[in-house]
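This report refers to the structure that appears directly beneath it.
Computation of the quantities below employed the complete heavy-atom set of this structure, encompassing side-chain atoms and omitting hydrogens, waters and symmetry-equivalent molecules. Sequence lines set the chain letters: A, B, ... in the order given, protein chains first and strands last, and positions in each chain run from 1.
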Amino acid sequence: MKPQSGNTYFQNDNFQSVSNSLSNSASQGLTTPEVEASQIRTVFVTGFPADVTPKEFHNLVRFFTGYEASQLHNKTGVYLQAFALFNNHASAVQACNILNQLPYDAENTLTAKIAHKNLYLKDAPTILRADTTGKVSLNIAWVSPSSPSSSYPVSQAPSASNLPGYLQSDAPVRSPVSGFAPVLNKYDNLPCNTLFIGNLGDSVDEAELRLVFGSLFGFKQLKLICNPRQVGGSQVSCFVEFSSVTAAAAVHASMQGAIFNSSDRGPIRIQYSKNPFGKRSAHPGVAQGIAQGVSAPQLLSHGLMLGDGAPMFLPPGVVPNGGGPPGHHINPGALPFGPGVLGEVSWSNAVSPFPLS
DNA sequence: AGCACA
């Protein structure tokens, strides 16, 4: 593909000032950035080759559930930045989880994060929008690459050509995550490569969990645990193993507080497992837990600041959600976000049907 | 608020 000559689709007037954005937030009763987090429905993607085009990115994300519009920036001297807007936070998180670490081609791997601000839709030729003709009715963003019959299959590495849900089926698969809600995570364990998933609905099954976790970066296996003796709480829990602590940490952050279709008792609670998959505790009976107050500032999974924002226990080099890659911090004032799209997400703290549990 | 498997 021929590299773009010049910066034909970068325009300074696409940018909205941060002060505008903040004052708009305040007018909606949102006083901290954290409160807005669950309303962010934009994914920020980097890692493209220099010759990527806006239409190329649009075609990469156009079949994701909830996709609304995208914009690619190619400012001289700045690495390529793409933004994709979805119609709610959950869809943005799912797209983010698919796009992150996705090999784009032989030399380039994408990095995807939830953006700091939503893409501001304006009548600009640089913004490509979802098809509205009705001719494209596919609305698939989540098809597990795993075989449902095998017990613990290792997910295949996704690539742009065999993207999960990408023109694979004429029977759309319903998105397994319907939203996010705040969740307390008072006690967590030391980060490891295995996650403990709590507060699952009693009707959850392995197939649903595979839809959610099976295609995430680094997924290795999961195990569903049923404890009928458990009274008054969730009788079902799940262990999910990833290929690295880093991969587990990313899912710990991005899927915290997710609400599944089977969720009838509130959002899931994700903790690091007391013991990694397949490894026995060195000293049984010795407390390993670490009080964490809450799971994190939780910029991604919900909009309430719970606790004091105690430090996350991420391994070196892992950036909490919302951050940029090391050495590539995003200047919010230089991003094309405006306030026009806040408050339109399907879920907000004010209408969460679940008590904080 | 529930941590199995080896």
What class does the angle between the rings of Phe86(A) and Tyr67(A) fall in, given that below 30° is parallel, 30 to 60° is tilted and above 60° is perpendicular?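 Phe86(A) and Tyr67(A): perpendicular rings.
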Once you measure the plane-to-plane angle for His252(A) and Tyr272(A), does it fall in the parallel (<30°), tilted (30-60°) or perpendicular (>60°) bin?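 Geometry flag for Tyr272(A) against His252(A): parallel rings.
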Go through DNA chain B in 5' to 3' direction and return only the first and the last nucleotide with some atom under 4.0 Å of chain A's heavy atoms.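 The protein-touched segment is dA1(B) to dA6(B).
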For the ring pair Tyr104(A) and Phe48(A), is the centre-to-centre distance below 6.0 Å?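 When the ring centroids of Tyr104(A) and Phe48(A) are compared, they turn out to be within the sub-6.0 Å range.
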Given that Gly278(A) and Ile197(A) both sit by DNA chain B, which one's nearest nucleotide is further toward the 5' end?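 Of the two residues, Ile197(A) wins.
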Report which part of the nucleic acid Gln271(A) touches: base, sugar-phosphate, or nothing (heavy-atom distance under 4.0 Å, all strands).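 Base, at least one base heavy atom under 4.0 Å.
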Once you apply a heavy-atom cut-off of 4.0 Å, does Pro228(A) come out as touching a base, just sugar-phosphate, or nothing?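 Nothing, no heavy atom under 4.0 Å.
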What residues, two or more places apart in sequence or in another chain, satisfy side chain to side chain contact (heavy atoms under 4.5 Å, CB included) together with Asp264(A)?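 Result, side chain to side chain contact (heavy atoms under 4.5 Å, CB included) vs Asp264(A): none returned.
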List for me each residue that meets side chain to side chain donor-acceptor pair (under 3.5 Å) alongside Ser262(A), sequence neighbours excluded, and say none if there are none.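 Here the qualifying residues are Glu208(A).
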